[in-house]
Amino acid sequence: MFARNLSRRSRSQIVVATMLTGAAIAVFVYVKVSDAGSANAAWAARNLRRAYHGAPPVVAHPPQSGKCIRCHTATGAARPPLGLAPANPHQNTRGVNAESNCRQCHAFQKSDDVFVENDFESVTVAMSGSRAYSHAPPTIPHRIFMREACAACHTGEAARPGIRCTHPNRSRCLQCHAVKSTADEFTAAGDFLANRNVKP
Amino acid sequence: MPQQPPDKRDRRTFFAELGVAASAVTLASCGAKPELEQIAGDPLDASLDWSKAPCRYCGTGCGVEVGVKEGKVHAVRGDQQSPVNKGLLCVKGYHLPAMLYGKDRLKYPMKRKPDGHGFEQITWQEAIDLIAEKFQTTLDEHGPDAVAMYGSGQWTIFDGYAALKWVKAGMKSNNLDPNARLCMASAVMGFVTSFQSDEPMGCYDDFEAGDDFVLWGNNMAEMHPVLFSRILEHKRQDPGVRIIDLATRWTPTSQYADMYVQFKPGTDLAIANGILHLLIENGHVDEAFVEENVVFRRGIEDLEEIGYGCFDDQAKRYTFKDKPVDSSLDEMREFLKDYTPERVSEISGVPATTIHRLAEVYANRNRGTVSLWCMGVNQHTRGTWMNNLINNLHLLTGKISRPGNNPFSLTGQPSACGTAREVGTLSNRLPADMVVMNPEHRKKAEEIWSLPEGTINPKPGYHAVDMFRALSDGDIRAMWIQVTNPWVSLPNLTRFERTPNDGRFIVVSDIYPTPTTAVADLILPSAAWVEREGMFGNSERRTHHWDKLIEPPGEAKEDAWQIMQVAKRMGMEHLFPWPDDDWHKPMFEEYRRFGLGTGKDLASYEQLKETRGMRWPVVDGKETKYRYAAGDDPYVKKSEGVHFYKAKGYGEKAAVWLRPYHPPAEVPDDEYPFWLSTGRVLEHWHTGSMTRRVKQLHQAVPEAYVELSRVDADSLGIVSGDQVRVSSRRGQLELKAKVDERGQPPVGSAFIPFFDESRLANVLTLDAMDCISKEPDYKKCAVRVEKV
């Protein structure tokens, strides 16, 4: 917000500092595996690249050659030196497919400048499922439209600690984890159960 | 959907009773708002109050759900109940909320200081008094030709209707034109000349019903991404689906195409005639359909007589008028004799075998064919002709008014159809396909408006380009501009420069400062999008209503309110007799009377509030998917099959027009060896005044650039990122070169997006225009490119 008033040099220093802090947080998050805290950290890290919860994330790396899904596979993949490519959560989304135009929603960022400062505020929301009792499976705390492939975020190497699934071999997630859903999403959930064929 | 099907309700109840997630499942009703059932399925669901609205940007008309808390928009999501986008949006749509909150929102009326430098805040009362006084004085001293209003395809239906009534009924002028003249006018005149009624017969259902999608100069992956994703999904489910991309440069759309056909700029006319030639020669004309439903016409074809508008040293005003005469299929066969695949290949650069393949696409009766186009065909010195030729392809083969078989024009602005075209905010039009030149039409408008006969001026006003030329010349002395940014979007911009205190008075209503507000004498702050109640009409005839969800910032007011206040101040209370706090519904009901019973029937106000939009004609509460088609269109009898009932002048048939190939107005030469095309990018919308204020969008495409081919860049010693100078006969511009990025122009051509107000593509473009629609050609001029 204050970037406009600073020189380009001090702005780049801030960028570097932010990146280092981000890396430190990421390391911290990675080693801290206790439940709630790291889930919140995963949530915070997730929000960094989104305008608000529900907005598509901007792309974290410069444009690469080849199709996005080459790296953003069903499980995600290590792609040094860029890091871990998160899996594609839209594999089972009706209307989105391997031939889709990823850039329809996900933009590369080519500048850290702003045209005019903006007062938009996202709302802070907490993201955690509820359990009926201590060992009951938690409910799914978010909509699943566009996120039908649970494995994309919850298993695999790119899954953030705190939301990483402890039992990736079980593939029918909705058998135990209930979708808190709008009436319309029942259809989506139904399709999801019927069509799901991606193994974690 | 006002009602949930019972089975879904039952399933939900079933789950709830099982106790699954019962603790968190809560139902919240939106009160009087459209029924958006809310269950705590997501942290955002419960923390925000959700309502429906159409997206603010393009003509697709995606449904969004808008999340509001404490008077601010905090989130949107794709509306899964919207039949248009089925939950999906594009990057612009997902980032809608921040569009409202740029720090420099205009909040108060501002008047230029007497010395001409800078602005000072004034009250609304002072602003309204000043506008009323300036327009009244101009009317008194110079008559109705000296006042003008320049509006927008982003006007809501309410704004456009208020403007129409103020200008045409109040000031008795027809100097009312929208920026849609720069965008959709050729499609309008194409539909009007072919079918005597504007707007497509097909609808978005064609994206799942068609087999072959022929894109005529249309970069759909970037310009209508959500609709393109519907085609891609259809293609995934049915691999037989083909996308055929006719283009002058390789775009993100091309990478999905089964057939990429690159042609020389402007030669689409020759290609379409080549296809028509083959269809006739090879016996692929649906003779029974043509016999029953088609007449033949031709107009003036002489290049010298028609010219290219006010380009170069031609006339000051462009008033060319076509003179239609009867023709026939036999005459058409003769006319098309010259358009052999070989000759078309010479003109267009497309191999003759490809012309044969394209003809086979249209000839194949077993496959549905949808032709799609937008600015490539419309912003064209023979844009109306090109629209006619595409309509011809469907009329001769009978591939029209059937699911998956239609010519379908895509629109660039959210209410180019709903407002500019349906309300008729063009210099020659009235609502529901009527025109000011027709005495019966004027009479009907005067009746609905309770005005004495003879009130409406029968002489069409200035079209957009001439309007600004008249402003420069001093013939227009008072002008009001709303919801548009002509000092970025007009062609050949340097022509329209002005200095303060030059004897003219310009009012500009907008939400942010722009190069247009910079030249204004008075700036009015407008309410944006969900800061007011509104209705848009999208490309598929869908009228979509939204409620006011939040208060506008500062003293910003909706555009229709601004117009009505000035009109009332000018003594025109009788035109707007509705209470100040409840005028939307009565205004819409009055407007709706124009279309009822004419085949342009809009849904009722109540129905529009409840639904995700309805496609007209809406009769007995039922919308129409396919116009002119028995079983779909309530104006067509079951036995009639297809009936072009609006075309009274052609005996209720459609017209196939014989239209020749004419070369573009300016072609590259030794001095200016490159073609230049201009356009949009996915992340920015039009002049960028909204999208550039959104961080994620600005940072994706922070500035305009020029795309060059690898071969040209190499030979000019340019690498991607180098600063280059692009110049035309009209102006010059410095910007970065891009090579091998999202768009790849062929050798000898360049592309510049026009969103960037500090790098104005339109200082280069020329104001040559279409002979019938008077829409300028932004896609073809000659430039020179040099490394700086």
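Just so we're on the same page: letters track the sequence lines, and every chain starts at 1.
In this structure, no portion of B/Arg105 lies under 4.5 Å from any heavy atom of chain A. For B/Glu208, no part sits under 4.5 Å from any heavy atom of chain A, backbone or side chain. Looking at B/Lys695, both its backbone and its side chain come within 4.5 Å of chain A, counting heavy atoms on both sides. For A/Val123, the parts lying under 4.5 angstrom from a heavy atom of chain B are both the backbone and the side chain. Proximity to chain A (any heavy atom under 4.5 Å) is restricted, for B/Pro702, to the side chain, taken from C-beta onward. For a residue to count as touching a neighbouring chain, one of its non-hydrogen atoms must lie under 4.5 Å from one of that chain's; by this rule B/Val226 touches chain A with backbone and side chain alike. For B/Leu682, the part lying under 4.5 angstrom from a heavy atom of chain A is the side chain only. Residue contact with chain A, scored on non-hydrogen atoms closer than 4.5 Å, is absent for B/Leu697.
Counting heavy-atom pairs under 4.5 Å between each of B/Ala221, B/Pro97, B/Gly688 and chain A puts B/Pro97 at the top. Heavy-atom pairs under 4.5 Å with chain A were tallied for B/Gly78, B/Gly87, B/Gly93, B/Pro252; the largest tally goes to B/Gly87. The greatest number of non-hydrogen atom pairs below 4.5 Å with chain A, out of B/Val701, B/Leu88, B/Leu100, B/Val73, is found for B/Leu88.
Remark: side-chain polar atoms of A/Asp119 are not paired, donor with acceptor, to backbone N or O of B/Lys103 under 3.5 angstrom. Listed for the A/Gln109 side chain is a donor-acceptor partner under 3.5 Å among the backbone atoms of B/Gln696. Checked by atom type and distance alone, the side chain of A/Gln104 never pairs as donor or acceptor with a backbone atom of B/Ser229 at under 3.5 Å.
Using cut-offs of 30° and 60° on the angle between ring planes, the pair A/Tyr52 and B/His95 is perpendicular.
With rounding to the nearest 0.5 Å, the separation of NE2 in B/His698 from CG in A/Asp112 is 9.5 Å. Here B/Tyr256 contributes atom OH and A/Asn101 contributes atom CG; the two are 4.0 Å apart, rounded to the nearest 0.5 Å. Within the model, atoms NE2 of B/His74 and OG of A/Ser122 stand 8.5 Å from one another, a figure rounded to the nearest 0.5 Å. Once rounded to the nearest 0.5 Å, the distance linking CD of B/Glu233 with OG1 of A/Thr93 reads 9.5 Å.
Between B/Tyr101 and A/Phe120, the closest heavy-atom pair is CB-N, 3.4 Å. When every heavy atom of A/Met146 is checked against every heavy atom of B/Tyr94, the shortest pair comes out as CE-OH, 4.2 Å. Among all heavy-atom pairs drawn from B/Val91 and A/Cys105, the shortest one is CG2-O, 3.2 Å.
Open room surrounds CD on B/Glu70; 12 or fewer heavy atoms of other groups in view lie less than 6.0 Å from it.
In this structure, B/Arg693 fails the cation-pi test against A/Phe115, since its NZ or CZ atom is not both closer than 6.0 Å to the six-membered ring centre and inside 45 degrees of the ring normal.
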Exercise for review: Step by step, work out the side chain to side chain contact (heavy atoms under 4.5 Å, CB included) result for B/Gln80 and A/Arg143.
Suggested key: CA-CA 12 Å; B/Gln80 287 177 262; A/Arg143 290 183 161 228; 3.8 Å; yes
Exercise for review: Go through the steps to decide whether B/Asp104 and A/Glu117 satisfy the test side chain to side chain contact (heavy atoms under 4.5 Å, CB included), and finish with yes or no.
Suggested key: CA-CA 8 Å; B/Asp104 56 347; A/Glu117 299 291 340; over 6 Å; no
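Salt bridge A/Arg103/B/Glu741: absent, no basic N to carboxylate O contact under 4.0 Å.
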